[in-house]
There are 2 protein chains.
Amino acid sequence: MRGRAQGLYPPRRWSRVFEVIDRDGLARLGLLETRHGVVQTPTLMPVVNPNKILIPPADMAEKFGAEIVITNAYILYQTAKKEGKSFEDLTVHDVLEYEGPIMTDSGAFQQHVYGDVEVTNREIVEFQALLGSDLATMLDVFSEPEHSRPRAAADVDETLRRAAEAVQVKEEMSSVEAGFALVGAVQGGLHPEERTRCAQELSKLDVDVAAIGGVVPLMEQYRFRDLVRVIAASKQGLSPALPVHLFGAGHPMTFALAVLLGCDLFDSASYAKYARAGRMMFIDGTRHVSELAYVNCECPVCTDHDLAELKGDEKAIAEHNLFVSFAEIGRVQQAIRAGELWELVERRCRAHPALLDGLKEIRRYAQWLERFEPASRHTALFYTGPETMYRPILARFRSRLQERYSPPRTRTLVMFPEGGKPYMARRAKEIAQVEAVCNAHFLVKSAFGPVPIELDEMYPHSQSLVPDQLDLEVMEASEVFARHYLAGAGYEFGILWEGDATLAELEKRREAPEPIDWNLQRVRATAEMQFGRGAADALLAGDVELVRSKNTGRIRNVIAGGRHVLSMRAHDGMFTLRLEGAKLLHRAFRGPALRVVVDPETAEFNRAGKNVFAKFVVDADPELRPGDEILVVDPEDRLVAVGQAFLNREEMLAFKRGLAAKVREGLPA
Amino acid sequence: MRGRAQGLYPPRRWSRVFEVIDRDGLARLGLLETRHGVVQTPTLMPVVNPNKILIPPADMAEKFGAEIVITNAYILYQTAKKEGKSFEDLTVHDVLEYEGPIMTDSGAFQQHVYGDVEVTNREIVEFQALLGSDLATMLDVFSEPEHSRPRAAADVDETLRRAAEAVQVKEEMSSVEAGFALVGAVQGGLHPEERTRCAQELSKLDVDVAAIGGVVPLMEQYRFRDLVRVIAASKQGLSPALPVHLFGAGHPMTFALAVLLGCDLFDSASYAKYARAGRMMFIDGTRHVSELAYVNCECPVCTDHDLAELKGDEKAIAEHNLFVSFAEIGRVQQAIRAGELWELVERRCRAHPALLDGLKEIRRYAQWLERFEPASRHTALFYTGPETMYRPILARFRSRLQERYSPPRTRTLVMFPEGGKPYMARRAKEIAQVEAVCNAHFLVKSAFGPVPIELDEMYPHSQSLVPDQLDLEVMEASEVFARHYLAGAGYEFGILWEGDATLAELEKRREAPEPIDWNLQRVRATAEMQFGRGAADALLAGDVELVRSKNTGRIRNVIAGGRHVLSMRAHDGMFTLRLEGAKLLHRAFRGPALRVVVDPETAEFNRAGKNVFAKFVVDADPELRPGDEILVVDPEDRLVAVGQAFLNREEMLAFKRGLAAKVREGLPA
């Protein structure tokens, strides 16, 4: 493993302007650097009409928390040309009287609305450079949803040609100007292959932000299922290191969903356009102010105005729309931080059946989403409906059971129905009753799939909350998952626990007791699920001592052969790998398993306990997921440190900036 | 039908203080009259601690929109006794420095918390009367959830004894004081029979407000399924004319659900108690301020404070909690007005699996809820999950199809799958294709049950929105509903439309065409569904002329035998009954069908076009639902007017105040 492995996306200059500071799956809290300051993402860029400034950009920042605004360079271009102004003296920051970050748009949307624009891609990018725009946008070709595949392919070809041209302009002008960041566009209409192709090719160019375009008609027509398909197809082709802008998405009802799929930036004139029409935005939809008989919002505008005052007050309604939009941005940010974004999205998508269709579409992308899904979260997983069952974390648990878990299959399998948690403690009496008569293993047929009872404290099952009354679809799927598990695990059958009748049945097969050490079984099963088959044998050589919490009795530390190899985390029932454990896994597992391979030049810093930065990652195990315990090694596969992944392999290789993995303990040379 | 029919609840004085001004099922917008002003319900009464006023009641009203506050009379009683104060000089309005409506609580909750209180029911009610409380509460016996049925029955017996005693105090003191309104309590723990019995007996007494008590432990423990059972059992026993208070319910996440089940008032100290602990309330749950990394609320407190400032600022957090709570009250009020409360509740109940359990429990009460369910709404019905299928309006449509609709069963039945709306217009091509080869009738197997194609513009199917991807449970139920319909309607089978293959199959049974007049069929079917079997024949005697909209082609007016008998409403595809139509239905249908019988003394006002007030209703058809077209008759069954019901029969008989039905046209004597 010498030299930097071939990542999916060659590292480029753009990876310099964007850094991920926290994440939940594809959703991320990021920092986007511009010449006028750092922008915290995800965020909304309110559109400022340079000819009619309803709310000044400075207020946008001060009052509503806008990090960046966007204005239309094409409008400025037309005005400047008409008025015979010199482009040289014009700056967008002067025009908007704002010294914060400003993105400019190119006129591609005008092309969608009016059919054509009177400017070339080169002209408008050069113009934006002269304007001093922080984020300048290429003039892409707007693929309409109804465009055929050949037409969309042609749109993509032309968009990519122009993207390359824009990159050239950026390079030409970088010496003259302070250098702008370039927004490239992903087009391709409703054709996933074209979207992915456009995204992949764009990612090879030196663009700084990728904007998914052509989606406004989908949002206007509430085609959220198509929106999910378009975002997913685009995002699957894009380098993970690129910040992703969803062009024209300005309704707070869609923010959470789009962020879940990896979007970082939104822009919209809707707050103002809607206000002009008397329409108020809410997280669950839009209502005309005249439909309202009661104030039903807590924003400063609504708590300070009578409805009668609001009617006809365009500015007040625009302010309401901004308050609501930025509060939702805050909720999305908070949800990423807390690991609750799925729950937020599942709630938001109940606002309209078309949004529910968007949510239901996501299950088709579970395999892709799983690659970015964290190892665990600090918060409980909530059941909100049949959709929850297909969440990537649950699909992962089910498939890892097949791949990594080794059931004690010589024992009789007793299956409990879903019930109180933790399962083992709540079923202690029944377990003892069964163990008194035969050698059994136990499984809970949970709503989300089978859970071997010794894994009951491991995320996601440890903390998941389900209603008492399950949906039919979930009950049926739970049955299918259980049967699938039995077949895969080599059980001929399992006995469904039905109280005394079951006991009487088991009594018939009375066996000499061979009691299971449930604590050891928990440690072994958790280690295998977390690190892979063989991990338990590797880690638990020699005498095993389990140090348990005095308060809860739960396992805290695992000492094997006198060495502290593992610590169990209370919040997710998973292991933190100690250096001694890491040595054992390193010896037992061949690369690339569990490895993050770092540049030999920087390995000494990791040995000293410093974190691993993406820039210095040479390669990594493709099976690693964010939050997984990792072995940091040098290209000679010498163990350098033990830590926790922040990015997965494709992200580590794509990013040139920011954290790739945290180091917990370094191994001095 | 002479004299006032025996209603379920004898009309009493309480019916004087509460009036319903709008409603959506059991949920209602009401006016509660107190000596210190009228209170708009549903609303939240913030608890003011008389010994520690965090937010002055005047601010509660001014800043947050509180209509009424509540304070604890037992605390005032103890303080006054300890300080040797004379009760005569003490008024609660002075203590709180507030001249708006004030409710006082009795100490029953203290009994729950501390096990006992040092005051009798008579003492505390008398004390509250002297205090000048607007709503004085009896000292009920708090039934703990774990109380056995006999214990709960004893709690109920004692609570009812004390309620009667409190009524006596109220009567004794009514001459001395200006007269207070009395809050009686419904107890009975988790035993529905005891709850219902307590509610029924309480409704026979002269109490003004019914408070459902003993529910705080359920809410603290997130036992929302039990909460739904308790509210439903209580409400089923209570007179509909009583405003209903849910004691101790102060979390905005539960308001919508409780209002849907007929609660009108909430109270809670939570806003302040939570604030003291740094806990912020949101519509989707509670978060500790220290958990927050991002401001995620649009209220004036959150948009004006950094999170760092909020931490430790008890008053600011309390204000946030109030802003959020009252905004939710506004949303609930707006939802009642707009007919969107079910959608709001279904959204809210996704905030936690325990709330989802509460929502799922509601389906068990569909038959009861249906009695209060409006005939139609102005807004589209949204599918939010499998729960939607069991909404009372959909259950009603399915059962009315069985009871009222007469299919043309000699024709071949072709069934279309769920699809675009309106079904008939979207299937025009297929219908024409089928009609060219055989005499067929058409049905859409919608997600919510079968829809004869000529009823496609009638609420609820006209406007309902479902996702493209249905839940398994819905697909299976849809199949069952269709089979049930076929059996009931006398069809041996239906042919599922599968395009050309179906056409080829139908080709084999080629018949001489007997075309259906679909417009006439729509009129007939709608009339029967709306007014009952036989209505079409009664209304459509003689030549029938259908006046259609020039723009949409949709039926507007129905002229039969030269008389304008019906008008069809665009928004719900249902009929407005004209006076000429009313005469025909009156002749064809015997009482009590479609009738509201009014006091002969007031009939002349109705003949002059004045509305029917509940006070003057003698009896009514038990099958009438809010929004149904009605025949207003006198006790001799002479037709007096035609109009629209606002209340159902049990409500009309219970209320002594407010509207019972709107009169559209009177019939001069």
Side-chain angles (χ1 to χ4, degrees), chain A residues 22 29 63-65 225 282 284 287 291-300 302-304 320 323-324 326-335 337-338 343-344 346-347 350-361 382-387 464-469 471-473 476-477, chain B residues 22 29 63-65 225 282 284 287 291-300 302-304 320 323-324 326-335 337-338 343-344 346-347 350-361 382-387 464-469 471-473 476-477:
Chain A
D22 205 348
L29 297 169
K63 199 164 161 185
F64 304 98
R225 189 178 182 183
F282 299 97
D284 53 9
R287 286 184 191 81
E291 284 172 48
L292 294 182
Y294 298 88
V295 172
N296 62 19
C297 168
E298 50 269 75
C299 87
C302 289
T303 47
D304 202 38
H320 158 89
F323 276 125
V324 168
F326 279 101
E328 182 66 357
I329 289 290
R331 279 185 286 262
V332 169
Q333 292 172 327
Q334 174 64 28
R337 176 59 62 89
E343 279 80 7
L344 182 66
E346 292 184 358
R347 282 204 296 285
R350 306 287 165 181
H352 194 281
L355 272 169
L356 187 55
D357 248 334
L359 176 65
K360 286 174 177 288
E361 186 66 16
F382 281 2
Y383 177 98
T384 70
E387 297 73 23
S464 67
L465 284 175
V466 295
D468 292 341
Q469 303 156 90
D471 294 303
L472 183 67
E473 178 159 1
E476 295 204 355
Chain B
D22 204 348
L29 296 169
K63 201 165 160 184
F64 303 99
R225 189 178 181 182
F282 299 97
D284 52 9
R287 287 183 190 83
E291 282 173 48
L292 294 182
Y294 297 87
V295 172
N296 62 20
C297 168
E298 50 269 73
C299 87
C302 288
T303 48
D304 203 39
H320 157 89
F323 276 124
V324 168
F326 280 101
E328 181 66 359
I329 289 290
R331 278 185 286 262
V332 169
Q333 292 172 326
Q334 174 64 28
R337 177 58 62 89
E343 279 79 8
L344 182 67
E346 293 184 359
R347 282 205 295 284
R350 306 286 165 180
H352 194 280
L355 273 170
L356 187 55
D357 248 333
L359 176 65
K360 285 175 177 289
E361 187 66 17
F382 282 1
Y383 177 99
T384 71
E387 297 74 21
S464 67
L465 284 175
V466 296
D468 291 340
Q469 303 155 89
D471 294 303
L472 184 67
E473 179 159 0
E476 294 203 354

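Sequence lines set the chain letters: A, B, ... in the order given, protein chains first and strands last, and positions in each chain run from 1.
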- prompt: Using non-hydrogen atoms only, which part of B:A335 is less than 4.5 Å away from chain A: side chain, backbone, both, or neither?
  reply: neither
message: Using every non-hydrogen atom in the two residues, find where B:D471 and A:E387 come nearest and quote the distance to one decimal.
response: OD1-OE2, 3.5 Å
statement: One option among B:C297, B:C302, B:A351 has the most heavy-atom pairs under 4.5 Å with chain A, and it is B:A351
query: Side chain, backbone, both or neither: which part of B:A293 has a heavy atom under 4.5 Å from chain A?
result: both
- prompt: For B:N296, what residues pass the side chain to side chain donor-acceptor pair (under 3.5 Å) criterion, not counting sequence neighbours?
  reply: none
- line: Between B:E476 and A:L472, the two heavy atoms sitting closest are OE1-CD2, 3.2 Å
Contact class of A:V324 relative to chain B, heavy atoms under 4.5 angstrom: both
message: Can you tell me which portion of B:E361 sits under 4.5 Å from chain A's heavy atoms? Options are side chain, backbone, both or neither.
response: both
- request: Compare every heavy atom of A:F382 with every heavy atom of B:H352, then report the nearest pair and how far apart it is.
  value: CD2-CZ, 3.5 Å
- prompt: Can you tell which of B:V295, B:V332, B:L292, B:L355 has the highest number of heavy-atom pairs within less than 4.5 Å of chain A?
  reply: B:L292
message: What part of B:Q333 gets within 4.5 angstrom of chain A, counting heavy atoms only: side chain, backbone, both, or neither?
response: both
statement: Cut-off 4.5 Å, heavy atoms of chain A, and the answer for B:H320 is neither
- prompt: For B:D357, does its backbone N or O pair with a side-chain atom of A:Q469 as donor and acceptor, under 3.5 Å?
  reply: yes
message: If I measure from the heavy atoms of chain B, does A:A354 come under 4.5 Å with its side chain, its backbone, both, or neither?
response: neither
Heavy-atom pair with the smallest gap, counting every atom of A:P300 and B:C299: CD-C, 4.4 Å
message: Do B:T303 and A:K63 make a side-chain contact, defined as non-hydrogen atoms from C-beta onward lying under 4.5 Å apart?
response: no
task: Would you mind reporting whether A:L29 and B:Y294 have side-chain heavy atoms less than 4.5 Å apart?
output: yes
query: Side-chain contact, heavy-atom cut-off 4.5 Å: B:E291 with A:R337?
result: no
message: Which heavy atom of B:R350 sits nearest to which heavy atom of A:R347, and what is that distance?
response: O-CG, 3.5 Å
- request: Name the region of B:I329, side chain, backbone, both or neither, that has any atom closer than 4.5 Å to a heavy atom of chain A.
  value: neither
task: Measure across A:P467 and B:P353 and return the closest heavy-atom pair with its distance rounded to 0.1 Å.
output: CB-O, 3.6 Å
statement: One should read off an interatomic distance between A:E298 CD and B:E298 CD, to the nearest 0.5 angstrom, of 5.0 Å
